Amino acid sequence: MDGSSGGDEFAVGCLLSIKTTFGDEFEGQIITYDRPSNILVLQEGLKSNPQSRRNIRLLKANYIKEFTFLGQSEDPLDLKKCYLDLNSLQSKEDAAVRQAEIDIERIGVGVTAEAQSIFDALSKTLPVRWDKTVIVVMNEVRVSSPYLAESVTGGTSAANERVRKVLELERKRLQTRGGGQ
């Protein structure tokens, strides 16, 4: 659907059957339409059981492949019928914040793209973290700049050897990828 096609057909309370460009098909009632962002806020679950909880879906109008007008209904914001599971929303937010914090810790500050690639490769098979610009593997082996096999220190000889091996393989992969461009 053309994202510039006014929002006149998206009036509050309209019941629509919608097919998205992702292949989803559902029915919902329009709660609101935000013209600047081109986002529809829809309430699903009206037909299955009018007394049950309903799902709220935010959908960018560009992703609507086609829709069918099914009719007009009462005000979708009837407070007696609205329910927000605040505990569920809070736990989803907490999980998203925790994941964002984990993701941020995996990004090296003041390191090269190559160092980050090496960190990412090591993290696929080994527990790693950054200590400033040093990669710490298994809380014992340290890999310092320039992140070569000779830069590996600490830990048991077996752990040290394992990190060196992964490091050498990743360096070869980076050279192959860089040389082929």
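All values derive from a computational prediction rather than experimental measurement. The figures that follow rest on heavy atoms only: side chains count, while hydrogens, waters and symmetry mates do not.
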Within-4.5 Å side-chain heavy-atom neighbours: Leu167 and Val143: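 Heavy-atom side-chain distance check passes, below 4.5 Å.
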Side chain to side chain, Val136 and Val128, heavy atoms closer than 4.5 Å: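 Val136 vs Val128: side chains apart.
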Return each pair, listed once, that meets ring pair (Phe, Tyr, Trp, His ring centres under 6.0 Å) where at least one residue sits in [range]; pairs must be two or more places apart or across chains.
range            : result
residues 138-171 : none
residues 86-117  : none
residues 84-126  : Phe119-Trp130

What residues form a side chain to side chain contact (heavy atoms under 4.5 Å, CB included) with [X], not counting sequence neighbours?
X      : answer
Thr156 : Glu140, Ala158, Ala159
Pro146 : Leu148, Ser151
Ser37  : Asp34, Ile39

For Asp131, salt bridge (charged side-chain N to carboxylate O under 4.0 Å, His left out) partners two or more places apart: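 By the salt bridge (charged side-chain N to carboxylate O under 4.0 Å, His left out) rule, Asp131 matches Arg142.
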Listed once per pair and sorted, the salt bridge (charged side-chain N to carboxylate O under 4.0 Å, His left out) pairs that draw on residues 154-171, sequence neighbours left out: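 Sorted pair list: Glu114-Arg171, Glu170-Arg173.
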Side chain to side chain donor-acceptor pair (under 3.5 Å) partners for Asp94, two or more places apart: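 Here the qualifying residues are Gln90.
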For Asp24, all residues meeting side chain to side chain donor-acceptor pair (under 3.5 Å), sequence neighbours excluded: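 Partners of Asp24 under the side chain to side chain donor-acceptor pair (under 3.5 Å) test: none.
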Can you give the donor-acceptor pairs under 3.5 Å from side chains of residues 99-111 to other protein atoms, not counting sequence neighbours?
| from | atom 1 | to | atom 2 | distance (Å) |
| --- | --- | --- | --- | --- |
| Gln99 | NE2 | Asp103 | OD1 | 2.8 |
| Arg106 | NH2 | Ser123 | OG | 2.6 |

